[in-house]
Structure formats: structure tokens, C-alpha cells
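Below is one structure, written out as C-alpha cells; comments come after it.
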Amino acid sequence: MVKVNTCVFISGQGTNLKNLLTRSRDSSFPIVIKLIITNNKNSKGIILAKKNSIPFKIINTKLRNYEDKILQYLKKNNINFICLAGYMKIISKKFIKKFGKKIVNIHPSLLPKFKGLNTYSRVLQHKERITGCTVHYVSEKLDSGKIIVQKSFYINSNDNEETLKQKTQNLEYRVFPEAIIKVFRNY
Ligand code: GRF
């Protein structure tokens with residue numbers, strides 16, 4: 001099986017990245033992670049990249065042409081697929097068009113509900129009974145592309161932001177790999 005060269009974009013802890021890295025070691029998993037992009041030099045995912053000898057780039061998003069720089073790195077590393085795993089920058093329409101290949105994102109809510117930031121506190125404030133996570137294609141509108149996989153769980157009356165986050169992320173570790181398998185099922 002020829003695996004798809006993949007770049008993972010991160011900004012923070014990189015726990016989804018870690019999970020995808022583990023899964024990608026499985027010979028039947030469709031992707032191989034060849035590059036990691038981060039906009040945060042303190043991202044824990046960098047430690048992971050170093051440990052696993054995966055090339056990584058720290059991007060200075062204050063530069064006007066930083067997306068062009070990313071596109072250059074993607075080209076240089078023959079990247080054909082992007083996973084956004086907690087990347088806290090909005091990707092421009094121009095970037096999506098220029099890359100021209102599949103980009104997926106994981107979001108910690110049942111989209112189209114609770115797009116954007118501070119998801120867990122908003123879910124609690126709205127007294128939702130269920131929540132979950134969604135993997136979707138990245139389109140030109142924020143958190144709005146076609147849904148690939150979405151899974152949910154019931155919220156307990158004693159759940160708080162911390163427990164919701166933990167439960168949602170545990171679900172993400174199952175949902176993200178499943179969505180990637182689905183994307184490349186007929187590849
Ligand atoms: C995840 O919960 C994801 O849904 C959101 O950002 C978080 C990233 O977590 N987009 P991590 O960096 O993978 O630990």
C-alpha cells in the first residue's frame with residue numbers, strides 16, 4: 001500500500017498528532033506523516049517531531065507571506081494531504097486553492113453547532129445534553145466543510161469544562177483516524 005504523504009498543522013499540545021503518529025505506523029493506515037507545521041514555537045508537538053525525526057517548521061504568522069512559505073515547504077516535502085489538528089489560525093481561501101488537495105480539520109463540537117473558539121464553555125452555557133467532535137473537509141468558510149465523521153456522547157450533570165474536554169478528546173482519538181481511513185477508502 002502506498003501511503004499518502006501528510007502534513008499535520010498544530011498550535012498546542014499535539015495530542016491528536018501523537019495519536020495519528022501512532023496510528024500511521026500501522027501498515028494498513030493510509031497516511032504517513034512527513035511534515036509538521038506549527039505557528040507556536042512552544043508547541044509540545046515539536047518535541048514529538050524531534051523524537052520521531054519528522055521534519056517540522058515553525059511559522060512566523062506575522063510575516064505577510066507566511067502561507068506562501070508553508071506552500072513551499074509542502075511542495076518540497078511532496079505533501080498531498082493536510083490534517084489540521086488544533087491549528088489556531090484560519091487558512092485563507094487562496095491557500096486552499098493553491099494547495100489544491102484535501103485538507104481536513106478536527107473540531108470539538110457537533111458541527112454545525114459551536115463553530116469557532118471556547119467550545120466547551122459554550123456547550124455548557126447552552127445546557128446541551130449531548131456533545132462530541134467532528135472531522136470535516138476544510139472549505140473556505142470556518143468550520144463549515146463537508147462532514148466526514150461525527151460522533152457524540154451524553155453530557156453528565158456534573159461535567160465541567162475540564163471533564164468535557166477530556167471526554168471530547170478521548171473521542172477525537174478514535175474519530176480522527178476513522179475519518180482519515182474514510183477519506184482514502186477508495187484511494
Ligand atoms: C482538539 O481538541 C481539536 O478538536 C481542536 O484543538 C484541540 C487540539 O488538541 N481543534 P491537541 O493539540 O491535539 O492536543
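Remember, it's 1-based here, ligands and their atoms both numbered in the order they're listed.
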side-chain contact (heavy atoms from CB on, under 4.5 Å) test vs Ser152 passes for just one of Thr134, Leu171, Leu110, namely Leu110

Note to self: Check Lys151 with Glu178, please: is the shortest side-chain N to carboxylate O separation under 4.0 Å?
What the structure shows: yes

If we number the atoms of ligand 1 from 1 as shown, the ones under 4.0 Å from a heavy atom of Gln13 are 12 (O), 14 (O)

min-distance protein heavy atom vs atom 14 (O) of ligand 1 -> Thr15 OG1, 2.4 Å

Ligand 1 to Pro108, heavy atom cutoff 4.0 Å, flagged ligand atoms 4 (O), 5 (C)

For atom 8 (C) of ligand 1, the closest protein heavy atom turns out to be Gly86 CA, 3.6 Å

| field | Close N or O approach (Ile106, ligand 1; < 3.5 Å) | value | yes

Worksheet item: Just checking, any donor-acceptor pair under 3.5 angstrom between side chains of Thr38 and Asn40?
Response: no

Q: Could you tell me whether Asn105 and ligand 1 have an N or O pair separated by under 3.5 Å?
A: no

Does Ser24 reach the side chain of Val32, with side-chain heavy atoms less than 4.5 Å apart?
no

Is Gly14 close to ligand 1, meaning an N/O of one under 3.5 Å from an N/O of the other?
yes

*asked:* Checking Thr131 against Tyr120: is there a side-chain donor and acceptor pair closer than 3.5 Å?
replied: no

The closest protein heavy-atom partner of atom 7 (C) of ligand 1 is Gln169 NE2, 3.8 Å

Would you say Asn5 and Lys34 are linked by a side-chain donor-acceptor pair, where the criterion is simply a distance under 3.5 Å?
no

Checking heavy atoms under 4.0 Å, the part of Glu172 that sits near ligand 1 is side chain

Worksheet item: In this structure, are over 12 heavy atoms from other groups packed under 6.0 Å from Arg25 atom CZ?
Response: yes

